[in-house]
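A short write-up of the structure that comes next.
Only this structure's heavy atoms are used, side chains among them; waters, hydrogens and symmetry mates stay out.
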Amino acid sequence: MLGFVAARLKLPALVGYLLAGIVIGPATPGYVADLGVASQLSEIGVMLLMFGVGLHFSLADLMAVRKIALPGAVVQMVVATAMGMAVSHWWGWSLGAGLVFGLALSVASTVVLLKALEGQGAVESMNGRIAVGWLVVEDLAMVLVLVLLPALAGPLGGSSGDSGQGAQNGAALWLALGRTLLQVGAFVVLMLVVGRRLFPWLLWQVAKTGSRELFTLCVVAAAVSIAYGSAELFGVSFALGAFFAGMVLRESQFSQRAAEESLPLRDAFSVLFFVSVGMLFDPRVLVERPLQVLAVVAIIVLGKSVAAGALVLLFRYPLNTALTVSASLAQIGEFSFILAALGVSLKLLPPEGQSLILAGALISITLNPLVFALIEPAQRWIRARSALARRLETRDDPLAELPLETAEAFLKRQVVIVGHGRVGRSIAEALQRAGTPFVVADQNRERIEALRERGIAAVVGDATDPAVLIQAHVAEARVLVIAIPDTVGATAMIETARTLNPEIRIVLRCHNEHEARLLAALPNTRVFLGEQALAEAMLADVQLTGRAPPVAPAAHAA
């Protein structure tokens, strides 16, 4: 009900879910729901949601963003932890309390991020993949933290199950670290070597029965059982285990169907995650410690986000990518709660620390959709007023322009391809086989580096920026192929291309029929609507075999 009210007030529905949790929580008068049951159900929601992420995020996607996600996540966590330790020291807390507090503020919620990216249709965009990869690295780091913290509790001033001296504590620390690395490594190897063969085969056997409900149950059972088994046998978190389960099942030809069948359950149970967060929150902390709450929110929403955005720019990614990653990190979630609870149980974190973390989580999760909505206005404002930001995007980057020795064939009458994902890569490979010159423009530096190594003309950058298309020599190009499903960005690219080259032919993809009609009305433009293009290709094959009488082809979207 509160979710509906929030939506009617033009607020994100998750704000209503959080308020519902506060209303039925133990800190407010009236009906009190069972927090234990709510937490268990929300854990299922987190598992199913992470499973869905894995279905769309392959190991290749993770490796494609490793050069920014791995160092970026580690450095950002160090910076955020240092900020948390600084304010906790100012409040008079111990070193151990500050460390736990800072780490809890440094890691964002993948659940919240996915909701934001799904709302924008950006889960499979390059910015979305970088953000998800960044948070996956954070999750892996938190797995190590949760395992090592009990061994470190004694030296940090808390209680520990071990009663030995420093040498024994050191030995326990290295033993815990080695055991954790072995367990996580064994789990990953098992999933990639055994799981990617076993589970797709299992889905195939169930699909052959023709039972839809059995297929759905099999998908959910696989996600939950792998997540549970990973936690019990390898010490990996439920969420991370479910993520790898999705990555394994992605190898199956039924991955798309699995994602669709599990979507209603994922949405229903993920709502319980936000409700359970609200139930944990005690509103009195807002009255008793307002300045401390403000400091926590500032670190989460501003501090670590600014640090992450600066890191992305230092890696020479566009401002849009930097702002997307910053918005993705402007909240905290499930791992923060787990770490705070562990810190309190080890007598490292004071109880008020846990209340402040929950307050920061609630406020930052509520604000996160607004932060995402501000990406485009902030981008325009920064580019218009900050010469430094413009220089950071365009400074002496060898990948941002074609080499001087680029052959003339790639500079005139060539094809410019925006995006080198699954669609763009297929088009590029076909053009290469046909001997047709082309230039690729993509935001992923790793992709551009790999293309350059293979001798393919490519430039890095956001093609909505006119400078990128200029560097791809679109002014002399024959065709512009927009192979990314970004209608807003495509409009900007078309405007730039038409200004520089009025006669250029434009080919692009689209997922929305209404948007396809609008774009198709532009001169010399061909729009391919996913399902319609597939239907026409199948119809052409049917007619080619001669098994069906001639049928008038369906109208193109263009």
Side-chain angles (χ1 to χ4, degrees), residues 11-12 14-15 18 22 72-95 97-109 112-113 116 131 134-135 138 142 277-278 280-313 322-337 339-340 343 349-375 377-379 381-382 386 389:
L11 294 172
L14 66 85
V15 175
L18 292 167
I22 295 174
V74 172
V75 173
Q76 174 261 312
M77 289 184 70
V78 170
V79 172
T81 301
M83 288 189 288
M85 293 179 70
V87 295
S88 67
H89 177 73
W90 184 37
W91 297 336
W93 292 7
S94 67
L95 175 64
L99 180 62
V100 174
F101 183 71
L103 285 170
L105 301 185
S106 71
V107 59
S109 168
V112 177
L113 169 64
W134 191 299
L135 264 65
E138 287 189 351
M142 289 305 297
V277 172
L280 292 170
F281 180 63
D282 187 349
R284 287 179 297 180
V285 72
L286 300 175
V287 178
E288 297 173 357
R289 302 174 183 272
L291 295 180
Q292 290 180 325
V293 171
L294 186 62
V296 170
V297 174
I299 291 174
I300 297 170
V301 177
L302 296 177
K304 70 174 184 174
S305 297
V306 170
L311 285 169
V312 175
L313 289 176
L323 292 174
T324 300
V325 173
S326 297
S328 303
L329 298 171
Q331 40 82 15
I332 59 175
E334 57 274 9
F335 268 116
S336 302
F337 310 146
L339 181 60
L349 184 69
E352 60 266 26
Q354 187 176 30
S355 298
L356 290 172
I357 290 170
L358 290 172
L362 181 69
I363 296 172
S364 64
I365 289 173
T366 303
L367 292 176
N368 199 242
L370 175 62
V371 174
F372 265 93
L374 291 174
I375 289 178
Q379 179 175 307
W381 188 89
I382 293 172
S386 174

Check [X] against [Y] and note the closest heavy-atom contact, atom names and distance.
X	Y	result
A330	V371	CB-CG1, 4.3 Å
L339	A104	CD2-N, 3.5 Å
A340	Q354	CB-CG, 4.1 Å
E138	S106	OE2-O, 3.5 Å
I300	S305	O-OG, 3.5 Å

From [atom1] ([X]) to [atom2] ([Y]), nearest 0.5 Å:
X	Y	atom1	atom2	result
L286	L294	CG	CG	11.0 Å
L311	W134	CG	CH2	5.0 Å
T324	I375	OG1	CD1	4.0 Å
E352	I357	CD	CD1	11.0 Å
L349	S355	CG	OG	9.5 Å
S364	L105	OG	CG	9.0 Å

Tell me, do [X] and [Y] make a side-chain contact under 4.5 Å, heavy atoms counted?
X	Y	result
L99	L95	no
L135	L329	yes
V79	M83	yes
V285	E288	no
L323	I382	yes

Could you tell me whether a side-chain N or O of [X] sits under 3.5 Å from a main-chain N or O of [Y], the two making a donor and an acceptor?
X	Y	value
S336	I332	no
K304	Q76	no
Q331	S109	yes
S326	G309	yes
N368	S328	no

Can you list the residues that meet the side chain to side chain donor-acceptor pair (under 3.5 Å) rule with S88, with sequence neighbours excluded? none
Between L113 and F372, does a side-chain contact (heavy atoms from CB on, under 4.5 Å) hold up when you go through it step by step? CA-CA 10 Å; L113 169 64; F372 265 93; 4.0 Å; yes
Can F101 and M85 be said to form a side-chain contact (heavy atoms from CB on, under 4.5 Å), step by step? CA-CA 7 Å; F101 183 71; M85 293 179 70; over 6 Å; no
